[in-house]
Amino acid sequence: MKCGSYQLIKKSSECKGRLGKVYTTRGVVETPIFMPVGTQGTVKGVPTEWLQFSGAQIILGNSYHLYLRPGTEIIKKAGGIQKFTSWNRPMLTDSGGFQIFSLSDIRKISEEGAEFSSHIDGSKHFFSPEKSMQVQKDIGADIIMCFDECAPYPSDYAYAKNSMELSLRWAKRCKTEFYKDNAHETQALFGIIQGSVYNDLRAKSTQEMLNIDFVGYAIGGLSVGEPKAYMHTVLENTLSLIPENKARYLMGVGMPEDLWEGVERGVDMFDCVIPTRNGRNGQVFTSLGKINIRNAEYREDFSPLDPECKCPTCTKYTKAYLNHLVRAQETLYLTLLSLHNIHFMVNLMTKIRKSLENDMFLKAKKEFFEKYYSKNKRRG
RNA sequence: GGGGGUGUGGCAGAGUGGUCUAAUGCACCAGACUGUAAAUCUGGCGGGCUUGCCCUUCGGUGGUUCAAAUCCAUCCGCCCCCA
């Protein structure tokens with residue numbers, strides 16, 4: 001099977017949710033899937049073997065960050081990103097497009113590309129679609145992404161239109177550059193649909209991306225601050241236009257509730273920094289809702305974070321101990337909480353896949369939310 | 001016994017007549033985080049409510065003053081030096 005190709009296994013009878021497989025050079029990924037983010041060649045705080053134990057099938061890397069440090073030469077010498085990091089399962093790299101959004105203060109955008117002033121030392125670096133492709137080829141992930149502009153929210157219609165059209169022109173250049181050599185035999189290039197919250201722009205972007213023709217399609221520019229309802233509408237309208245034999249990847253999403261909502265609307269792939277970032281900030285996802293382990297109420301709580309969780313954190317440590325580690329700023333908590341949150345997300349996806357398999361998605365979703373929000377209801 | 005210093009909110013520590021419920025840091029109490037410039041950031045942190053104001057606070061007491069954490073007297077506590 002060609003790298004990046006999608007095989008539809010089963011469609012839900014209740015919703016747009018679907019069970020499938022994405023084939024890559026380094027293995028098959030069962031979808032829907034949650035991909036932990038490992039920007040700089042590491043899912044922050046979590047060792048590879050624990051990541052694998054958690055059931056993670058594929059993780060992300062970031063072109064911009066890896067290009068700046070350690071640099072593509074070193075990654076090439078190491079034999080590619082998987083060898084360099086010891087993560088031997090599939091990997092996906094983002095193009096640097098998100099940094100146009102997140103580093104908006106230190107970059108300049110033009111037709112040709114984007115110039116960044118390195119957040120590390122201020123030095124200037126130019127990222128074009130061609131450059132991003134070269135960097136991502138050198139890094140060597142299984143799936144790579146088009147260089148796009150992730151537009152901010154809110155963007156007015158004119159800005160969103162120009163930005164979406166720029167991303168289209170860049171996508172064409174990405175594809176041309178990508179197919180210049182043999183990289184496409186081992187790597188897959190995904191296109192990214194833009195258009196902010198404007199449905200006609202999203203439709204136009206989708207149609208044009210399909211015309212360019214990619215192995216898979218991502219929906220970008222969401223979860224940048226827009227109301228949830230907008231995200232859902234964009235998903236519904238956009239996904240209905242994409243042929244069902246293509247993987248659909250919702251970039252940068254999300255929270256547990258977003259995974260359910262996304263899958264229900266036909267999303268196959270998700271990635272998000274939230275499990276690791278929140279872990280580092282003391283916030284923990286559990287089957288009974290979101291908690292902040294730093295809070296006083298856990299000082300003498302000798303139960304595990306999540307009674308249903310089988311991760312190393314939950315099988316060995318209590319809330320009281322984790323609360324202590326956070327308060328004492330003992331770095332072990334970074335690892336333990338990140339690991340738990342990753343485990344939670346990955347296993348939530350396993351649950352979701354199972355529910356699709358049994359065609360009981362809606363029931364499983366309802367049960368999940370009843371529990372997940374039960375704590376707040378009791379309080380209310 | 002003599003000399004000098006010092007006492008400020010949970011802790012450390014600014015402030016030395018009005019702009020002081022009193023800087024700042026820590027601690028504490030919460031909240032946020034969605035293709036990672038984040039082990040970060042934001043808010044709160046004497047009491048009351050009608051949320052603007054009122055009451056109570058800078059070791060104790062008494063005083064000076066229109067006005068005191070700030071000046072004076074005295075008491076108490078602590079620290080240092082000399083004997």
Side-chain angles (χ1 to χ4, degrees), chain A residues 34-46 58-66 68-69 91-107 116-122 132 136 141 143-153 167 190-194 217-228 231 249-259 261-262 267 269-285 290-299 322-323 325-338 341 345:
Chain A
F34 178 82
M35 308 183 282
V37 177
T39 306
Q40 305 203 71
T42 164
V43 174
K44 291 186 194 294
V46 186
I58 171 171
I59 64 172
L60 259 68
N62 182 282
S63 310
Y64 171 81
H65 290 280
L66 291 170
L68 284 183
R69 196 165 52 189
M91 205 153 169
L92 180 155
T93 43
D94 188 27
S95 60
F98 184 72
Q99 278 60 46
I100 292 183
F101 164 77
S102 64
L103 303 179
S104 61
D105 294 341
I106 53 174
R107 59 79 177 154
F116 293 94
S117 299
S118 160
H119 64 283
I120 299 166
D121 63 5
S132 177
Q136 292 188 82
I143 298 173
I144 74 172
M145 303 303 298
C146 278
F147 188 58
D148 65 335
E149 183 195 359
C150 178
Y153 180 85
S167 288
F190 277 26
I192 305 177
I193 293 157
Q194 290 292 349
Y217 296 93
I219 297 166
L222 289 177
S223 63
V224 287
E226 79 284 357
K228 287 255 156 107
M231 180 170 97
Y249 164 27
L250 175 53
M251 303 186 81
V253 175
M255 304 286 284
E257 56 271 31
D258 298 325
L259 303 188
E261 299 298 338
V267 176
M269 303 163 73
F270 300 82
D271 80 275
C272 195
V273 305
I274 216 77
T276 42
R277 181 181 291 170
N278 281 19
R280 272 176 281 128
N281 294 334
Q283 207 139 78
V284 177
F285 297 105
K290 211 170 62 171
I291 66 172
N292 195 321
I293 196 62
R294 203 192 326 133
N295 289 5
E297 62 179 301
Y298 303 114
R299 258 189 143 127
L322 295 165
N323 175 281
L325 291 181
V326 172
R327 284 170 188 268
Q329 290 292 298
E330 279 295 341
T331 56
L332 179 59
Y333 83 87
L334 301 169
T335 294
L336 294 180
L337 298 185
S338 298
N341 280 344
M345 292 296 179

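Keep in mind the model is a prediction, meaning the values are calculated, not measured. By convention in this document, chain letters (A, B, ...) are assigned in the order of the sequence lines, proteins followed by strands, and residues within each chain are numbered from 1. Below, each value reflects all heavy atoms present in this structure, side chains not excepted, and no hydrogens, waters or symmetry copies.
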A:Asp271 side chain vs A:Pro36 backbone, donor-acceptor pair below 3.5 Å: no
Geometric class of the A:Tyr64/A:Phe116 ring pair [parallel <30°, tilted 30-60°, perpendicular >60°]: tilted
Same-atom distance (C1') from B:A32 to B:U24, integer angstrom: 25 Å
Whole angstrom value for the distance that separates P of B:A32 from CG of A:Asn278: 9 Å
Pairwise P distance for B:U61 and B:U51, with rounding to whole Å: 34 Å
Identified pairing partner of B:G9, criterion: Watson-Crick or G-U wobble below 3.5 Å: none
Under 3.5 Å, sequence neighbours excluded: what are the donor-acceptor pairs made by side chains of residues 273-281 of chain A?
residue	atom	partner	partner atom	Å
A:Thr276	OG1	A:Val273	O	3.0
A:Arg280	NE	A:Thr276	O	3.4
A:Asn281	ND2	A:Arg277	O	3.4

P atoms of B:G60 and B:C45, separation to the nearest Å: 24 Å
Gap between atoms CE and P, on A:Met345 and B:C33 respectively (whole Å): 12 Å
side-chain contact (heavy atoms from CB on, under 4.5 Å) between A:Lys290 and A:Met255, worked out: CA-CA 10 Å; A:Lys290 211 170 62 171; A:Met255 304 286 284; 4.1 Å; yes
Between B:G7 and B:G15 - C1' atom distance, rounded Å: 15 Å
Working for side-chain contact (heavy atoms from CB on, under 4.5 Å), residues A:Ser167 and A:Ile192: CA-CA 8 Å; A:Ser167 288; A:Ile192 305 177; over 6 Å; no
Within-4.5 Å side-chain heavy-atom neighbours: A:Gln40 and A:Arg69: yes
Integer-rounded Å distance: B:U34 C1' and A:Ile219 CD1: 15 Å
Pairing partner of B:A30 (Watson-Crick or G-U wobble, both distances under 3.5 Å): B:U42
Protein-nucleotide distance (A:Leu92, atom CG; B:G35, atom C1'), rounded to Å: 9 Å
Spacing of the C1' atoms in B:G35 and B:C29 (rounded, Å): 35 Å
A:Lys290 side chain, from C-beta outward: closest of B:A32, B:C28, B:G35: B:A32
Who pairs with B:U61 - Watson-Crick or G-U, where each distance is under 3.5 Å: B:A73
Nearest-angstrom distance from the residue atom CD1 of A:Ile291 to C1' of B:A30: 15 Å
Candidates B:C29, B:G31, B:G35 - which lies nearest the side chain of A:Asn295: B:G31
Protein-to-nucleotide contact annotation, 5' to 3' order, nucleotides 36-41 of chain B [B base; S sugar-phosphate only; - none; under 4.0 Å, heavy atom]: BBBBB-
Sugar-phosphate only, base, or nothing, as touched by A:Arg299 at under 4.0 Å among non-hydrogen atoms: sugar-phosphate
Base-pairing assignment for B:G17 (Watson-Crick or G-U wobble, both under 3.5 Å): none
Whole-Å gap separating C1' (B:C29) and OH (A:Tyr298): 14 Å
Distance, P atom - from B:G2 to B:C71, rounded to whole angstrom: 25 Å
Whole angstrom value for the distance that separates C1' of B:A27 from CZ of A:Arg327: 10 Å
A:Asn292 (side chain) and B:G31 (base): donor-acceptor pair under 3.5 Å: no
All ring-ring contact (aromatic ring centres under 6.0 Å, His included) counterparts of A:Phe101, not counting sequence neighbours: A:Phe98
Nearest-Å distance once atom P is located in both B:U70 and B:G17: 11 Å
Heavy-atom closest pair, residues A:Phe147 and A:Ile100: CZ-CD1, 3.7 Å
Nearest-angstrom distance from the residue atom CG of A:Asn323 to C1' of B:C29: 13 Å
Sugar-phosphate, base or nothing in reach of A:Glu330, heavy atoms under 4.0 Å: nothing
A:Met231 backbone acceptor or donor facing A:Glu226 side chain under 3.5 Å: no
C1' atoms of B:C33 and B:U40, separation to the nearest Å: 9 Å
